[in-house]
Amino acid sequence: MSLPDDDAAYAKLQEGDYGYLLDDVPHFTDYLSDLPTFPNPLQDHPAYSTVKQYFVNADDTVPEKVVVQKNSPRGVHFRRAGPRQRVYFESEDVKACIVTCGGLCPGLNTVIRELVCGLSHMYNVNDIFGIQNGYKGFYSSNYLPMTPKSVNDIHKRGGTVLGTSRGGHDTKKIVDNIQDRGINQVYIIGGDGTQKGAYEIYKEIRRRGLKVAVAGVPKTIDNDIAVIDKSFGFDSAVEEAQRAIDAAHVEASSAENGIGLVKLMGRYSGFIAMYATLASRDVDCCLIPESPFYLEGEGGLFEYIERRLKENNHMVIVVAEGAGQDLIAKSIAAADQIDASGNKLLLDVGLWLTHKIKDYCKAKKMEMTIKYIDPTYMIRAIPSNASDNVYCTLLAHSAIHGAMAGYSFTVGMVNGRHAYIPFHRVTSTRNKVKITDRMWARLLSSTNQPSFLSQKDIDAAREADKLANKSYLPVNTKEHGENAKKLANGEK
Ligand SMILES: Nc1ncnc2c1ncn2[C@@H]1O[C@H](COP(=O)(O)OP(=O)(O)O)[C@@H](O)[C@H]1O
Ligand SMILES: O=P(O)(O)OC[C@H]1O[C@](O)(COP(=O)(O)O)[C@@H](O)[C@@H]1O
Ligand SMILES: [Mg+2]
């Protein structure tokens with residue numbers, strides 16, 4: 001897969017020595033000339049001015065891949081996040097707004113808080129507004145003035161104080177409002193759908209030649225955003241999922257042939273289920289969207305359940321909400337439905353599995369008890385834990401530094417370093433559990449569950465991984481395309 005023409009037109013690539021490629025983010029100077037710059041006010045800030053080399057070097061970049069061989073090309077890099085010596089705004093001219101879109105995720109309020117406090121305390125910005133209830137709030141609600149005082153304790157609460165929604169992305173109306181109200185920094189917190197929306201807003205801003213920075217902060221409880229190490233709130237979600245798994249284990253182990261079944265979030269990616277299973281050690285089977293499974297026959301789920309109950313009298317199953325959707329669709333005639341953002345609505349795999357397991361045991365005249373626990377919305381609604389709080393703070397600060405420096409981007413941690421990533425990189429693919437990777441092997445060995453995979457499935461998964469590894473060839477001109485291909489093939 002190469003970049004669609006539209007993305008290729010916006011891609012900014014710079015080649016260096018030994019196969020180095022910078023996949024850069026757009027900057028005001030790409031379409032506006034003669035802009036004045038100003039010294040970064042942080043240089044006089046009592047807290048920051050003492051830090052040696054507080055400003056990042058303008059040429060610092062972060063490699064996408066850190067595991068290399070002796071002859072590997074240096075590969076794709078992203079611009080390092082952080083404060084620049086010179087900025088493109090004077091503090092009193094900044095008019096910033098913040099919006100949260102899509103589903104909830106632990107840490108949303110922390111990001112909002114740190115954006116407001118960071119803008120105010122680091123850059124002396126006073127005009128900060130909250131957009132209410134997602135994208136539609138740009139054109140249908142009042143903008144809420146926000147101050148460090150008004151957001152002081154919001155990080156202790158789950159959800160988002162700004163409200164969120166799906167749907168409602170009308171690029172023209174949104175940018176009309178940004179322009180009319182004189183907003184010049186837009187902070188957009190949301191998942192893959194939201195980042196696609198941010199990209200559209202950026203393109204329209206650029207078409208109109210506006211000096212407005214668009215900073216995306218990726219949010220997804222499912223951890224399905226590409227390129228970044230992990231999304232904020234994921235850690236908190238995995239931790240909270242332990243409580244449901246513990247309850248399932250207590251219920252299961254207190255009954256004769258007891259089964260505890262826990263459904264966790266994960267529409268296309270089973271990261272929460274996988275990490276919650278690995279963390280718990282009480283789980284006997286973990287089912288995720290990336291690894292197809294089957295119920296009947298040799299090597300199937302029913303056979304495994306029967307064996308496990310015989311051996312241990314109880315078992316715990318964790319299922320990600322997106323797992324087994326094809327199986328359910330085969331057994332229940334249900335029309336495809338979508339939500340306001342166009343995401344496919346999932347059928348309840350937990351309920352379906354519960355009935356299927358009950359029917360199987362009844363037919364086999366096996367006494368059993370199954371307890372189905374669906375903690376999904378309870379997990380999503382918690383405030384973020386300590387480590388996510390720190391992560392949210394760093395993401396917010398990196399977003400602010402980038403916007404002040406005139407970039408438009410999605411911010412994220414790449415191999416432990418914060419970086420500015422082009423929108424198209426985080427919207428064109430999805431982060432998924434690789435079932436040919438060591439992490440999934442660790443899970444299989446910790447649960448001892450069947451892999452449900454034939455040799456053909458494994459070969460297909462390996463092939464898909466190879467393609468995914470090679471797939472991203474950033475091209476904006478034919479020449480770039482040829483060079484990028486050479487780079488991917490290890491030629492100079
Ligand atoms: N392709 C797209 N282009 C523009 N906006 C989009 C696109 N996909 C989704 N959006 C908008 O992004 C917002 C959130 O998307 P959604 O998929 O619900 O959540 P998430 O961002 O968490 O993935 C919605 O307001 C939706 O209208
Ligand atoms: O019921 P809602 O609000 O649509 O949310 C359900 C979905 O939200 C998620 O938690 C995250 O989805 P987004 O990343 O699109 O916000 C999914 O795992 C889940 O399917
Ligand atoms: Mg999404």
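Numbering of ligands and ligand atoms starts at 1, following listing order.
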For [atom], grab the closest protein heavy atom and report residue, atom and distance to one decimal in Å.
atom	result
atom 15 (O) of ligand 1	S341 OG, 3.4 Å
atom 7 (C) of ligand 1	G193 O, 3.6 Å
atom 1 (N) of ligand 1	K196 CD, 3.5 Å

Looking at Y420, is R80 sitting on its ring face, NZ or CZ under 6.0 Å from the six-membered ring centre and within 45 degrees of the normal?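 R80 over Y420 ring: no.
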Cationic tip of K203 above Y199 ring, under 6.0 Å, 45° of axis: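 Yes; both conditions hold, so K203 lies above the ring face of Y199.
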Using heavy atoms and a 4.0 Å limit, tell me yes or no: is D192 in contact with ligand 1?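 Within the 4.0 Å threshold, so yes.
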Is K219 in contact with ligand 1, taking contact as a heavy-atom separation below 4.0 Å?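 Yes, that is the case, since the closest heavy atom of the residue is under 4.0 Å from the ligand.
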Exactly which residues line ligand 2, taking a heavy atom under 4.0 Å from it as the test?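 Residues near ligand 2: G102, G103, R166, K219, I221, D222, M265, G266, R267, E321, Y377, R380.
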Do any nitrogen or oxygen atoms of [X] come within less than 3.5 Å of a nitrogen or oxygen of ligand 1?
X	value
E200	no
Y135	no
G190	no
G102	no
N343	yes

Ring centroid separation for F232 and Y391, is it under 6.0 angstrom?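 No, the ring centres sit 6.0 Å or more apart.
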Check step by step if side-chain hydrogen bond (donor to acceptor under 3.5 Å, both in side chains) holds for T447 and D284. CA-CA 5 Å; T447 59; D284 300 277; over 6 Å; no
Over 60° means perpendicular and under 30° means parallel, so tell me whether F28 and Y31 are parallel, tilted or perpendicular.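 Perpendicular.
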Does the plane of the ring in H27 sit parallel, tilted or perpendicular to the ring in Y88? Use 30° and 60° as the thresholds.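 Rings of H27 and Y88: perpendicular, as their planes differ by over 60°.
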Are more than 12 heavy atoms, taken from residues, nucleotides or ligands other than [X], located less than 6.0 Å from that residue's [atom1] atom?
X	atom1	value
M439	CE	yes
R243	CZ	no
R462	CZ	no
K136	NZ	no

Tell me yes or no: between the side chains of S387 and D235, is some donor less than 3.5 Å from an acceptor?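 D235 and S387 do have a side-chain donor-acceptor pair below 3.5 Å.
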E200 CD to Q195 CD distance, which is reported to the nearest 0.5 Å: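 If I round to the nearest 0.5 Å, the distance is 12.5 Å.
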Would you list the pairs meeting ring-ring contact (aromatic ring centres under 6.0 Å, His included) in which at least one residue belongs to residues 259-278, sequence neighbours left out?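 Listed by first then second residue: F234-Y275.
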Under the side chain to side chain donor-acceptor pair (under 3.5 Å) test, which residues partner D224, sequence neighbours left out?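 Per chain and number, D224 pairs via side chain to side chain donor-acceptor pair (under 3.5 Å) with T220.
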Please examine the side chains of L108 and I189, heavy atoms only from C-beta on, and report whether any two atoms are closer than 4.5 Å.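 Heavy-atom side-chain distance check passes, below 4.5 Å.
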So, with waters excluded, how many protein N/O/S atoms does the Mg ion (ligand 3) have closer than 2.8 Å?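 For the Mg ion (ligand 3), protein nitrogen, oxygen or sulfur atoms under 2.8 Å: 1.
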Which is closest to atom 25 (O) of ligand 1 in terms of heavy atoms, G134, C101, G197, G167?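 That would be G167.
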Should one rank N133, T171, T194 by closest heavy-atom distance to atom 13 (C) of ligand 1, which comes out on top?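 Answer by nearest heavy atom: T194.
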